[in-house]
Amino acid sequence: MRIVVKVGTSTLAHETGRLNIRCVETLCKVLSDLKNSGHEIVLVSSGAIGMGVGKLNLPGRPDDMPTKQAAAAVGQCELMYTYDRLFSQYNHTVAQILLTGDDVHDETRTQNFKNTLFRLLSLGVLPIVNENDTLSTAEISIGDNDTLAAIVSVRIEADLLILLSDIDGLYTADPHRDPNAKLIPRVDEITPEITALAAGRGSRLGTGGMITKIHAAETCMAAGCDMVITNGSDAEILYDIMDGKPCGTRFVAGKGHKDADNR
Ligand code: GLU
C-alpha cells in the first residue's frame, strides 16, 4: 500500500516547542518497520515553526510573518536533522520536499513534484513533505498540513492518509467539555452534521483543528482515498490501522469514486 502519514506539531513537540523524543522515536521506528514490510510511506510533517520557537527560545508561536518564517527556517533544519538521524538507525534514507500553494496549484510544478516523489519512492527513500513556510505568505500558502497532506495523497494516488493528531478522532461533541461525547468510528459521507461537529480550535503551536481535517477527508474521499484520524501519542497505533483494527475515525471513500481530474 502507498500510505501518507501526517504528523502534527502537537505530537512532535512538547508545549515548550522542544522535541517530544519519545513520540518521534516511536514514530520513526514504526514507519521504518512498515516500510520494511513493503509499504510505500510518505511523511507529511509539521513542526518547523514549533521547533523553531523552541530552538530560538521564543515565548510562544509568533504572530508576525517574518518571525514565523525565521522560526520555520530554523525549525525545518532541526526537524530534518532529527528525522535523518532517527531513520538512519533503521537504514532508511529521507528526502525533504517543501511545497507552497503555488506549487500544488500549478500543473508543471505538480508534475515536477510527482516525478521527484515517485523517483524517490522507487529509490527506496522516505520523502518528508512540509509547507515551505519560509517562502509562504498568506496569499500563496496552503495554510495547514491537513490540507497539504490531502493534496499530496490525492496527487500521488495514495491508498490511505493517516492524520496523527492529539485527539482520538471525530467525536459526537467536544470531548474536552462534554463527558458524554462519543468517538465516531466510521464516516461514509461528509454531511453538514459531520462538518458542524468539527467546529473548534487547534493546539497552541500548530495550526488546523478538526475542520481542516474534515475538509482533508472530503478531498481524499472524492478521489477514492481513505483517511483515518487517530491519536499520534503512540505511533504503534499505525500497526493496528494496518491490521484493520478499529482505530480513531475512518473516513471511507465510496467505491467508484476515483476522480481522475483531481489528481
Ligand atoms: N508547516 C507548519 C510547520 O511546519 C505546520 C502547519 C500545520 O501544522 O498545519 O510548522
Side-chain angles (χ1 to χ4, degrees), residues 4-20 23-24 27-28 42-84 94-105 113 127-153 161-167 198 200-220 227 229-233 235:
V4 177
V5 176
K6 181 257 170 178
V7 59
T9 306
S10 53
T11 304
L12 293 171
H14 293 287
E15 289 253 315
T16 56
R18 294 279 175 182
L19 191 69
N20 187 328
C23 283
V24 178
L27 176 70
C28 295
V42 175
L43 180 60
V44 174
S45 178
S46 302
I49 299 176
M51 290 234 213
V53 167
K55 191 125 196 192
L56 293 168
N57 287 316
L58 301 178
R61 194 180 163 91
D63 289 322
D64 67 295
M65 194 52 91
T67 316
K68 250 191 233 177
Q69 291 175 321
V74 170
Q76 183 66 26
C77 286
E78 178 78 352
L79 202 56
M80 286 312 294
Y81 167 70
T82 304
Y83 283 130
D84 193 12
V94 296
Q96 168 182 271
I97 301 184
L98 298 177
L99 299 170
T100 64
D102 268 358
D103 300 319
V104 298
H105 296 123
F113 155 70
I128 302 180
V129 184
N130 195 1
E131 176 142 26
N132 193 348
D133 296 309
T134 301
L135 296 186
S136 289
T137 53
E139 301 77 53
I140 61 158
S141 78
I142 298 162
D144 68 85
N145 276 5
D146 297 324
T147 307
L148 174 63
I151 293 172
V152 167
S153 301
L161 166 61
I162 301 170
L163 301 182
L164 294 179
S165 175
D166 56 357
I167 186 154
R201 293 187 39 232
S203 65
R204 203 169 65 83
L205 284 170
T207 45
M210 195 47 84
I211 194 70
T212 56
K213 292 177 177 48
I214 297 299
H215 289 149
E218 218 161 11
T219 304
C220 286
M227 191 188 99
I229 302 174
T230 194
N231 197 315
S233 59

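If you read the sequence from its start, that first residue is 1, and numbering goes on from there. Heavy-atom basis, side chains included; hydrogens, waters and symmetry copies ignored. Both ligands and their constituent atoms are indexed starting at 1 by order of listing.
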Checklist entry - Would a distance-only check, ignoring hydrogens and angles, find a side-chain to backbone donor-acceptor pair under 3.5 Å from T219 to H215? => result yes

Checklist entry - Is a donor on one side and an acceptor on the other found under 3.5 Å between the side chain of T11 and the backbone of V7? => result no

Item to check | Under 4.0 Å to a heavy atom of G47 - the qualifying atoms of ligand 1, by number | outcome: 3 (C), 4 (O), 10 (O)

Checklist entry - Do side-chain atoms of E131 reach the backbone of L148 as a donor and acceptor pair under 3.5 angstrom? => result no

Checklist entry - Below 4.0 Å from any atom of ligand 1, is there a heavy atom belonging to A72? => result no

Checklist entry - Does the D84 side chain pair with the main chain of Y81, one donor and one acceptor, at a distance under 3.5 Å? => result no

Checklist entry - Any side-chain heavy atom of F113 within less than 4.5 Å of one from V104? => result no

Item to check | Proximity winner for atom 2 (C) of ligand 1, if only heavy atoms of L12, I49, D133 are counted | outcome: D133

Next on the checklist: Using a 4.0 Å cut-off to any heavy atom of D144, which atoms of ligand 1 qualify?
Outcome noted: 9 (O)

Item to check | Part of N130 within contact of ligand 1 (heavy atoms, under 4.0 Å) | outcome: side chain

Checklist entry - What about R61: any of its N or O atoms under 3.5 Å from an N or O on ligand 1? => result no

Next on the checklist: If I apply the N/O under 3.5 Å rule, does G143 come out as touching ligand 1?
Outcome noted: no

Item to check | Stepwise side-chain hydrogen bond (donor to acceptor under 3.5 Å, both in side chains) check, N130 with N145 | outcome: CA-CA 7 Å; N130 195 1; N145 276 5; 2.9 Å; yes

